[in-house]
Amino acid sequence: MKWEEPSVMILAGLLLMQVIAGVVGNGTPRTHPYSILNDPQADRSRPLNADFDNMEVSINESVHIWPMPASVSKGMAIVTLARDFAFGQADGNQIVSATLAQAFSRYIDIIYRPHALSQVASSLFQDSNIPVLEQLLVSLDPSTEELEFEVDESYTLKVPDPSNPSIASLQAANVYGALRGLETFSQLVSYHYSSRSLQITRTPWIITDYPRFPYRGLLIDTSRHYQPLESIKRVIDSMSFAKLNVLHWHIVDEEAFPIEIPSYPRLWNGAYSYKERYTTEDAAEIVEYARARGIHVMPELDVPGHGASWGIGYPQLWPSPQCNEPLDVSKEFTFEVIDGILQDFRALFPFKFAHLGGDEVNTSCWEDSPSIKRWLISHNLTGQDAYASFVIRAQQIAIKHGYEPVNWEETFNTFPSRLSKETVVHNWLESGTCPRAVKAGLRCIVSNQGTWYLDHLDVTWDQFYMTEPLVNITDPEEQKLLIGGEVCMWGETVDASDILQTIWPRAAAAAERLWSPLSITQQGSSDNVLQRLQSFRCLLDGRGIAAAPLLTLSGAYAYGRVAPSEPGSCFRQ
């Protein structure tokens with residue numbers, strides 16, 4: 001794990017920095033709560049009980065979609081959603097698949113959730129001058145619902161369809177592209193208070209969209225703190241709203257081994273408690289829940305380091321009782337256990353990649369253990385040689401079970417020529433790792449700890465947004481090997497109580513960098529981007545996903561996981 005516990009002095013320094021930022025970031029902070037009564041920009045000529053249509057218009061002045069689609073065309077008209085608005089499939093002879101039917105149900109709930117159904121579009125409030133949208137019809141190839149890596153996630157959304165003003169159309173190659181289009185459509189819908197209706201302004205919309213990178217990930221860590229199933233599901237829900245598509249599940253580490261492994265059932269004796277465990281059925285449920293939202297689940301088995309918890313159930317995996325990691329490289333039993341875990345994982349996690357860790361391996365434990373020292377000498381190996389041999393053998397086991405291995409960058413930095421050609425190098429330490437990896441012909445994932453580690457609370461949203469995965473990679477063939485990036489939510493200071501507001505909204509900044517065209521994101525963290533991200537943060541909060549404010553009291557960019565600094569509109573925080 002790439003994190004050191006901060007000292008009290010460091011934490012105190014961060015707090016002081018936050019206070020200073022609040023004072024000098026954008027002028028002197030207000031000394032009293034915000035009120036519309038004393039806002040110099042407020043229109044005080046209007047009565048306070050007047051409707052706020054002007055606010056609605058201002059919110060819809062620009063395109064408030066996150067992440068920004070590849071191509072957007074909009075108009076100046078308005079449509080109202082019918083009270084019985086529904087999603088459907090364009091070809092009425094096709095049976096709507098279970099995945100699409102579930103998505104239709106979810107998005108009807110999302111669209112109608114902000115207000116009671118009884119308040120929406122009753123005949124009492126209907127405006128006969130505004131066209132009514134009756135349906136959104138989806139056209140796609142229903143032949144397969146297998147979620148493969150690099151599945152086509154493109155879509156075209158038209159609201160309304162040019163051929164029929166009462167219908168919106170969504171075209172996609174498959175159900176997963178349709179899921180992305182449904183999310184975009186849901187972000188266009190807003191509640192209109194005067195008419196008690198759901199409306200879409202700035203129609204007609206024509207949106208053509210597709211992702212920039214096929215791998216757009218978020219890591220969660222269930223070893224440092226256990227995350228209940230419902231907490232993981234809320235994380236998956238939130239990922240789908242930002243069009244992230246890989247949940248990197250760092251399931252086990254030195255602190256805890258919470259997942260059931262049928263081949264070696266005592267491994268989960270390393271869980272924190274009897275109640276903080278995942279059964280195989282739990283894992284399967286998470287994988288299916290994610291698949292239904294177009295999200296892969298990549299398990300991580302971090303070897304040979306970070307393995308102390310394994311020995312609670314099987315002490316023979318420790319080099320010695322006094323030195324419990326890295327896992328014992330000299331015993332065949334160690335690799336039998338890894339083989340059993342990956343075999344059981346293959347039955348649960350169908351994603352093509354499995355993460356094998358390989359980071360932060362201190363071989364002194366091997367060299368200080370007499371039995372392992374004798375083994376090293378007999379095999380003419382140094383500790384570093386044994387480290388490389390361990391990683392390579394773990395890769396071979398993963399490949400045998402149909403996985404392509406992902407390893408943290410230390411493996412590439414230490415013995416690049418020995419890695420399997422199927423290796424995906426996972427950057428976290430050095431910004432120049434991916435340029436070197438792709439030049440060597442290996443694929444790479446960006447997770448620069450300086451800007452894409454969510455547990456680094458002092459990294460503000462704009463730094464997430466400005467991290468460009470393809471920096472210093474100019475050759476088109478090498479660019480193809482950079483498959484994407486991942487933000488990392490390491491678990492030392494998060495559990496179910498605070499994981500969402502630590503992830504969001506900063507992860508959304510990276511999500512747009514990974515989804516939207518470079519021509520959009522390279523313009524930088526402008527005021528327009530901030531306003532769109534504030535709008536998305538409010539959307540997350542409205543959907544029950546706790547997302548922290550983006551601004552401090554003074555208007556400076558806030559650190560991660562902060563609380564609102566004063567009363568005020570969600571759209572100004």
Item to check | Flag side-chain contact, heavy atom, 4.5 Å: Thr493 against Arg224 | outcome: no

Item to check | CA sep, side-chain torsions, deciding dist, call: Asp109, Arg106, salt bridge (charged side-chain N to carboxylate O under 4.0 Å, His left out) | outcome: CA-CA 5 Å; Asp109 180 60; Arg106 284 199 310 275; over 6 Å; no

Checklist entry - If we ignore angles and hydrogens, is there a donor and acceptor under 3.5 Å between the side chains of Thr460 and Gln463? => result yes

Checklist entry - Which heavy-atom pair separates Ala508 from Trp504 by the least distance, and what is that distance? => result N-CZ3, 3.5 Å

Checklist entry - Taking atom types as modelled and ignoring hydrogens, do the side chains of Asp462 and Ser525 form a donor-acceptor contact shorter than 3.5 angstrom? => result no

Item to check | Chi angles and distances behind the side-chain contact (heavy atoms from CB on, under 4.5 Å) call for Val446, Glu468 | outcome: CA-CA 9 Å; Val446 172; Glu468 169 50 43; over 6 Å; no

Checklist entry - Between atom CG of Leu81 and atom CG of Leu133, what is the distance when rounded to the nearest 0.5 Å? => result 5.5 Å

Item to check | Student check: side-chain heavy atoms of His248 and His426 closer than 4.5 Å | outcome: yes

Item to check | Check: Gln199 main-chain N/O paired with Ser197 side-chain donor or acceptor under 3.5 Å | outcome: no

Item to check | Residue pair Thr451 / Arg506, side-chain donor-acceptor N/O under 3.5 Å | outcome: no

Checklist entry - Within the side chain of Asp455, is there an N or O that forms a donor-acceptor pair under 3.5 Å with the backbone of Met489? => result no

Checklist entry - Looking at Ser565 and Thr552, what are the two nearest heavy atoms and their distance? => result OG-C, 3.7 Å

Checklist entry - Under the 3.5 angstrom rule, does the side chain of His456 hit a backbone N or O of Gln449 as a donor-acceptor pair? => result yes

Next on the checklist: Ignoring hydrogens and geometry beyond distance, is a side-chain donor-acceptor pair present between Tyr465 and Glu512 at under 3.5 Å?
Outcome noted: yes

Item to check | Near-ring test Tyr107/Phe185, centroid separation under 6.0 angstrom | outcome: no

Checklist entry - Rounded to the nearest 0.5 Å, how far apart are CZ of Arg537 and CG of Leu530? => result 11.5 Å

Checklist entry - If we ignore angles and hydrogens, is there a donor and acceptor under 3.5 Å between the side chains of Ser154 and Asp152? => result yes

Next on the checklist: Is it true that Asp458 and Tyr559 share a donor-acceptor pair across their side chains at a distance under 3.5 Å?
Outcome noted: no

Item to check | For Trp428, the option from Glu409, Glu486, Glu410 that meets side chain to side chain donor-acceptor pair (under 3.5 Å) | outcome: Glu410

Checklist outcome for this item: In short, Pro214 meets Phe149 closest at the heavy-atom pair O-CE1, 3.7 Å

Checklist entry - Quick one: do the Lys74 and Thr201 side chains pair a donor with an acceptor below 3.5 Å? => result no

Checklist entry - Among side-chain atoms of Trp66 and Glu183, is any donor-acceptor pair under 3.5 angstrom? => result no

Checklist entry - Going by distance alone, is a donor N or O of one side chain under 3.5 Å from an acceptor N or O of the other, for Thr208 and Tyr155? => result no

Checklist entry - Can you find a pair of side-chain heavy atoms, one from Val297 and one from Phe351, that are under 4.5 Å apart? => result no

Checklist entry - Going by heavy atoms in the side chains, are Arg113 and Ile111 under 4.5 Å from each other? => result no

Checklist entry - Taking the six-membered ring for Trp, are Phe213 and Tyr215 ring centroids under 6.0 Å apart? => result no

Next on the checklist: Has Ser238 got a side-chain atom pairing as donor or acceptor with Val235's backbone, closer than 3.5 angstrom?
Outcome noted: yes

Next on the checklist: Between Leu454 and Phe464, is there a side-chain heavy-atom distance shorter than 4.5 Å?
Outcome noted: yes

Item to check | Smallest separation among heavy atoms of Val562 and Pro549, with atom names | outcome: O-CD, 3.2 Å

Checklist entry - Between the side chain of Asp161 and the main-chain N/O of Ile167, is any donor-acceptor distance below 3.5 Å? => result no

Item to check | Step-by-step side chain to side chain donor-acceptor pair (under 3.5 Å) determination, Gln187 to His64 | outcome: CA-CA 8 Å; Gln187 293 187 24; His64 280 254; over 6 Å; no

Item to check | Spacing of CG belonging to Leu137 relative to NZ belonging to Lys158, to within rounding of 0.5 Å | outcome: 13.5 Å

Item to check | Test log, rule side-chain contact (heavy atoms from CB on, under 4.5 Å), inputs Val138 and Phe87 | outcome: CA-CA 8 Å; Val138 177; Phe87 296 111; 5.7 Å; no

Next on the checklist: Just so I know, are the side chains of Ile236 and Leu247 near enough to count as touching, which here means a heavy-atom distance under 4.5 Å?
Outcome noted: yes

Checklist entry - Rounded to the nearest 0.5 Å, what separation is found between the CG atom of Leu481 and the CG atom of Leu442? => result 8.0 Å

Checklist entry - In terms of side-chain heavy atoms, does Thr222 have a donor or acceptor partner in His250 at a distance below 3.5 Å? => result no

Item to check | Test side-chain contact (heavy atoms from CB on, under 4.5 Å) applied to Leu157 and Thr184, step by step | outcome: CA-CA 8 Å; Leu157 175 65; Thr184 297; 4.2 Å; yes

Next on the checklist: Counting C-beta onward and ignoring hydrogens, is there a side-chain heavy-atom pair between Ile445 and Val425 closer than 4.5 Å?
Outcome noted: no

Item to check | From Arg443, Arg436, Lys439, residue fulfilling salt bridge (Lys or Arg N to Asp or Glu O under 4.0 Å) relative to Glu478 | outcome: Lys439

Checklist entry - Where do Asp209 and Trp515 land on the side-chain contact (heavy atoms from CB on, under 4.5 Å) test, with the steps shown first? => result CA-CA 9 Å; Asp209 203 9; Trp515 176 276; 3.0 Å; yes

Next on the checklist: Looking at every heavy atom in both Val406 and Met298, which two are closest together, and how far apart are they?
Outcome noted: CG2-SD, 4.0 Å

Checklist outcome for this item: In terms of heavy-atom contacts, Thr521 and Ser516 come closest through CG2-CB, 4.1 Å

Item to check | Stacked cation flag Arg543 on Phe241, 6.0 angstrom / 45 deg | outcome: yes

Item to check | N/O donor-acceptor pair under 3.5 Å between Thr502 side chain and Asp498 backbone | outcome: yes

Checklist entry - Between the side chain of Asp221 and the main-chain N/O of Gly491, is any donor-acceptor distance below 3.5 Å? => result yes

Checklist entry - Between the side chains of Asn245 and Arg293, is a donor N or O closer than 3.5 angstrom to an acceptor N or O? => result no

Checklist entry - So how far is it from Phe412 CZ to Cys444 SG, rounded to the nearest 0.5 Å? => result 8.0 Å

Checklist outcome for this item: Distance col, row Thr203:OG1 vs Leu188:CG, nearest 0.5 angstrom, shows 10.0 Å

Checklist entry - Does the Asp541 side chain pair with the main chain of Gly544, one donor and one acceptor, at a distance under 3.5 Å? => result no

Checklist entry - If only atom types and distance count, is the side chain of Arg196 paired as donor or acceptor with the main-chain N or O of Tyr193 below 3.5 Å? => result yes

Next on the checklist: Can you confirm whether Arg216 sits close enough to Pro211 that some side-chain heavy atom of one is under 4.5 Å from a side-chain heavy atom of the other?
Outcome noted: yes

Checklist entry - So, does Trp461 use its side chain to make a donor-acceptor pair with the main chain of Leu550 at under 3.5 Å? => result no

